[in-house]
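Down below is the structure, laid out as structure tokens.
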Amino acid sequence: MVSRETSPAPTVSFVGSLLVATPTLQDPNFDRTVVIGVGHESDGVLGVVLNRATELPVADVLGDWGGLAGDPAVLFEGGPVQPEAAIALGWRKADAPSSDAFRPVTGRLGTLDLSRDPGEVSDLLDGMRVFAGYAGWVPGQLESEIDAGAWMVFDALPTDPFSTNPEELWSMVWKRQGGLLSAVAHYPADPALN
């Protein structure tokens, strides 16, 4: 008798993908949000909300890092987990040398070590954004929420994490999907008022 070993089902990585809240998602922390996955390890998935700008300038909180922050140069609400923690995403220049202050996420997008001097990375970057807090899911949680219809997973464009109109990102992502999915962009915030 021949024994066959079965390999585990492949795990889908959400790193670099957009998790876009559907209108059915009832959690106010994620209403009409666009989250980019920045980590997917054995203990779960980590992402940051891209479209919730605050009015607090990055420079007021992180000093010289504010000079590297893109327009708008304010902190973003990255998610409900550890809102006192900061995560910075940077867009590395195509010809920039490698640096241990920049940890790649996907392509030229990566996280930045905010404990470093901003001068160490300023020549490496074409853009940067800082997020207060993050979104996190334990193993299997995000997959269950996707199966329940709370999230759609789409490919990210390089400009998504650094959109100059973050408040319009949710509808822009839906519109570019085409077909029936593009109609979701016009879904009213409160259907009862429709």
Side-chain angles (χ1 to χ4, degrees), residues 14-21 27-40 45-136 151 154-176 185 189:
F14 296 102
V15 173
S17 294
L18 294 181
L19 306 166
V20 182
D27 185 341
N29 290 308
F30 295 108
D31 183 45
R32 294 181 180 250
T33 58
V34 178
V35 177
I36 190 164
V38 297
H40 191 166
V45 177
L46 183 138
V48 290
V49 175
L50 298 177
N51 59 328
R52 288 207 172 150
T54 71
E55 294 183 9
L56 184 61
V58 172
D60 287 2
V61 179
L62 294 172
D64 291 341
W65 282 101
L68 300 179
D71 181 32
V74 296
L75 283 178
F76 279 68
E77 292 178 23
V81 182
Q82 292 187 327
E84 70 284 353
I87 294 177
L89 288 181
W91 186 253
R92 202 176 113 227
K93 291 179 181 176
D95 59 350
S98 63
S99 167
D100 61 353
F102 179 89
R103 185 178 143 249
V105 170
T106 182
R108 292 173 36 209
L109 180 70
T111 57
L112 301 171
D113 182 352
L114 290 172
S115 69
R116 307 291 277 274
D117 183 301
E120 289 182 51
V121 297
S122 62
D123 291 340
L124 304 175
L125 302 177
D126 276 334
M128 186 196 94
R129 188 151 280 167
V130 179
F131 302 87
Y134 60 90
W151 300 96
F154 298 128
D155 291 334
L157 295 179
T159 54
D160 289 338
F162 308 102
S163 173
T164 56
N165 295 309
E167 67 283 350
E168 296 175 18
L169 186 60
W170 186 83
S171 60
M172 288 183 343
V173 171
W174 283 107
K175 285 177 189 173
R176 73 181 186 225

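All of these numbers come straight from a predicted model, not from anything done at the bench.
- When all heavy atoms are compared, the tightest approach of D64 to P118 is CB-CG, 3.6 Å.
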Hey, mind stepping through F131 and L89 against side-chain contact (heavy atoms from CB on, under 4.5 Å) and telling me if it holds?
-> CA-CA 8 Å; F131 302 87; L89 288 181; 3.7 Å; yes
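- The aromatic rings of H40 and F14 sit parallel to each other, their planes meeting at less than 30°, with 60° as the upper class boundary.
- Of all heavy-atom pairs spanning A185 and S171, the tightest one is CB-O, 3.4 Å.
- Under the 4.5 Å side-chain criterion, counting only non-hydrogen atoms from C-beta, I36 is not in contact with T106.
- Take Y134 and apply the ring pair (Phe, Tyr, Trp, His ring centres under 6.0 Å) test, not counting sequence neighbours, and it matches no residue.
- Residues G16 and V105 approach most closely at N-CG1, 4.3 Å, considering heavy atoms.
- The structure places CG of L124 at 7.5 Å from CZ of R92, a figure rounded to the nearest 0.5 Å.
- Here L18 contributes atom CG and L157 contributes atom CG; the two are 7.5 Å apart, rounded to the nearest 0.5 Å.
- Contact check for V38 versus V15: no side-chain heavy atoms found under the 4.5 Å cut-off.
- What you find for V130 and A86 is that their closest heavy atoms are CG1-CB, 4.1 Å.
- Residues that satisfy the salt bridge (charged side-chain N to carboxylate O under 4.0 Å, His left out) test with D113, not counting sequence neighbours, are R116.
- Rounding to the nearest 0.5 Å places NZ of K93 at 12.5 Å from CZ of F102.
- Distance alone, capped at 3.5 Å, places no donor-acceptor pair between the R129 side chain and the L75 backbone.
- The CG atom of N51 lies 10.0 Å from the CD atom of E77; values are rounded to the nearest 0.5 Å.
- In this structure the side chain of P158 reaches within 4.5 angstrom of the side chain of W91, judged on heavy atoms.
- Pairs passing the side-chain hydrogen bond (donor to acceptor under 3.5 Å, both in side chains) check and including a residue from residues 158-169, sequence neighbours excluded, read D160-R176.
- Closest of all the heavy-atom pairs between P80 and A135 is CD-CA, 4.5 Å.
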Given L169 and R52, is the side-chain contact (heavy atoms from CB on, under 4.5 Å) satisfied, shown in steps?
-> CA-CA 10 Å; L169 186 60; R52 288 207 172 150; over 6 Å; no
Take V49 and V35 through the test side-chain contact (heavy atoms from CB on, under 4.5 Å) and record every step on the way to the result.
-> CA-CA 4 Å; V49 175; V35 177; 3.8 Å; yes
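- Inter-residue side-chain proximity for V20 and W170 is flagged as met; some heavy-atom pair is nearer than 4.5 Å.
- Between V34 and W174 the shortest side-chain heavy-atom distance does not fall below 4.5 Å.
- Atom CD of E120 and atom CG of L112 lie 11.5 Å apart (nearest 0.5 Å).
- To the nearest 0.5 Å, the span separating CG on L114 from CE on M128 amounts to 6.5 Å.
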Give the C-alpha distance, both sets of side-chain angles, the deciding distance and a yes or no for side-chain contact (heavy atoms from CB on, under 4.5 Å) between L50 and F76.
-> CA-CA 7 Å; L50 298 177; F76 279 68; over 6 Å; no
